[in-house]
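Okay, so here's the structure we're looking at.
Protein chains get the first letters and strands the later ones, always in sequence-line order, with residue 1 at the start of each.
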Number of protein chains: 2
Amino acid sequence: MVRVGLTTERLVRAGAELADEVGFDQVTVSALARRFDVKVASLYSHVRNSQDLKTRIALLALEELADRAATALAGRAGKDALAAFADVYRDYAREHPGRYAAAQLRLDPETAAASAGVRHARMTRAVLRGYDLTEPDQTHAVRLLGSVFHGYVSLETGGGFSHSAPDTQETWTRIVDALDALLRNWPTS
Amino acid sequence: MVRVGLTTERLVRAGAELADEVGFDQVTVSALARRFDVKVASLYSHVRNSQDLKTRIALLALEELADRAATALAGRAGKDALAAFADVYRDYAREHPGRYAAAQLRLDPETAAASAGVRHARMTRAVLRGYDLTEPDQTHAVRLLGSVFHGYVSLETGGGFSHSAPDTQETWTRIVDALDALLRNWPTS
DNA sequence: TGCATTTACCTAAATCCTTTAGGCAACCTG
DNA sequence: CAGGTTGCCTAAAGGATTTAGGTAAATGCA
């Protein structure tokens, strides 16, 4: 019996790679076992079940996304920060479509509260420091930004914009411009 | 042997209901057979396979969404039309979460081109008739609207906004206001 | 160094979902 | 009512998930 050296950590990382290659919903305990050339049952010492594996991949993705956002925001403010933050979403989803899909997994409240999603939410607020918004408008704006970025990225990676001109890079730039204009000139009720 | 009266149509509708009750990814041929109290194999005369079933549910959802949008837009223009169109998304997703998830299923290009998604896209353009936008800005705006509505709705139904005040209805109204302001005052490059 | 414990991986088996093949009984048509 | 057609069946194979229980390797400790 040769030991491969399985750990939860390694399984989750390999699971994330698998997700990027074949899609998040194609990630199964069996596929992962095949990748390590190991029997399926062996994984169940490291991972509770299939759902647990997927949740861990989601948490990894949220971590990575938050890390990238933190890096992108360091030393930037205003529109610069907005654009950099937006690009983090888009680039991550393009480089790691499976992980990005994983990050959308619905987590139960406690898990979500303990995840890097919270950190990410704080950074969205940080982006808005460059604009003159007070509560509750700031919260509305946070939700708008989340909606636009997530919505755009998931439509684009889902092929929603693929058929038509003009190209998506141009649209992306213009959307960021538009959001900047909107935030500088937020309509009051 | 009592015949239940299965047809593709009935299966798809029941599948859509099932999706709303237990989630789109819990829709399986087995679960559907159970619901009709019929053996699994019997469904395969009406539906090619599991993927086919899901695709048909997605197409149904797209039809329904487009129908609602058409009704909502009739006799409305400008901000009125924008708000009504936005509400179609949100209401549909709330009333039929499983179907809404189905509508996000990635379709192959030909299927997508033949779907009601095309009709829906045309209606998004119709909403913009109330604003003074020419190509390519109109396309950018179409993509922005799609992103915001889809993004917001999927974050909200995914529980993304659930923890915090202010309430989501207020945010939704303010986002529609903000989009209206933005479209009336679209920044030119 | 030798033994005990823990850890990593195994076999085996139950359950469930998907899909195909082939068959019979119920319905529709003429 | 004889004919074909259709709706549902049984049977069976392949795969994924999960648990229980076992053995060999690594590790801790005397």
Taking [atom1] from [X] and [atom2] from [N], how many angstroms apart are they, rounded to a whole number?
{"X": "A:Asp25", "N": "C:dC17", "atom1": "CG", "atom2": "P", "value": "18 Å"}
{"X": "B:Leu53", "N": "C:dC17", "atom1": "CG", "atom2": "C1'", "value": "13 Å"}
{"X": "A:Asp52", "N": "D:dT19", "atom1": "CG", "atom2": "P", "value": "11 Å"}
{"X": "A:Leu6", "N": "D:dA25", "atom1": "CG", "atom2": "P", "value": "16 Å"}
{"X": "A:Glu9", "N": "C:dA8", "atom1": "CD", "atom2": "P", "value": "14 Å"}
{"X": "B:Gln51", "N": "C:dC17", "atom1": "CD", "atom2": "C1'", "value": "15 Å"}

(request) Determine which bases of DNA chain D form Watson-Crick or G-U wobble pairs with both distances under 3.5 Å, and write the result as a 5' to 3' dot-bracket string with | for other-strand partners. (result) ||.||||||||||||||||||||||||||.
(request) Establish, from distance only, whether the side-chain atoms of B:Thr168 and B:Arg90 form a donor-acceptor pair under 3.5 Å. (result) yes
(request) May I ask you to check whether B:Trp172 and B:Asp87 show a side-chain donor-acceptor distance below 3.5 Å? (result) yes
(request) Please work out which of the three classes, parallel, tilted or perpendicular, describes the rings of B:Phe149 and B:Tyr89, given edges at 30° and 60°. (result) tilted
(request) Tell me, please, which residues at least two apart from B:Ala19 pass side-chain contact (heavy atoms from CB on, under 4.5 Å). (result) B:Phe24, B:Val27
(message) Just to be sure I understand the geometry, which residues of residues 29-49 of chain A put a non-hydrogen atom under 4.0 Å away from DNA chain D?
(response) A:Val29, A:Ser30, A:Arg34, A:Val40, A:Ala41, A:Tyr44, A:Asn49
(message) Quick check on the 6.0 Å ring-centre criterion: do A:Tyr100 and A:His96 meet it?
(response) no
(message) Using a strict threshold of under 4.0 Å (side-chain N to carboxylate O), is an ion pair present between A:Glu170 and B:Arg143?
(response) no
(request) Using a cut-off of strictly less than 4.0 Å, decide whether A:Ser50 has a side-chain nitrogen or oxygen near OP1 or OP2 of D:dT17. (result) yes
(message) Atom CG of residue position B:Asn49 - does it have more than 12 heavy atoms of other residues, nucleotides or ligands inside 6.0 Å?
(response) yes
(request) Go through B:His46 and B:Thr8 one step at a time and tell me if the side-chain hydrogen bond (donor to acceptor under 3.5 Å, both in side chains) criterion holds. (result) CA-CA 5 Å; B:His46 304 281; B:Thr8 303; 4.5 Å; no
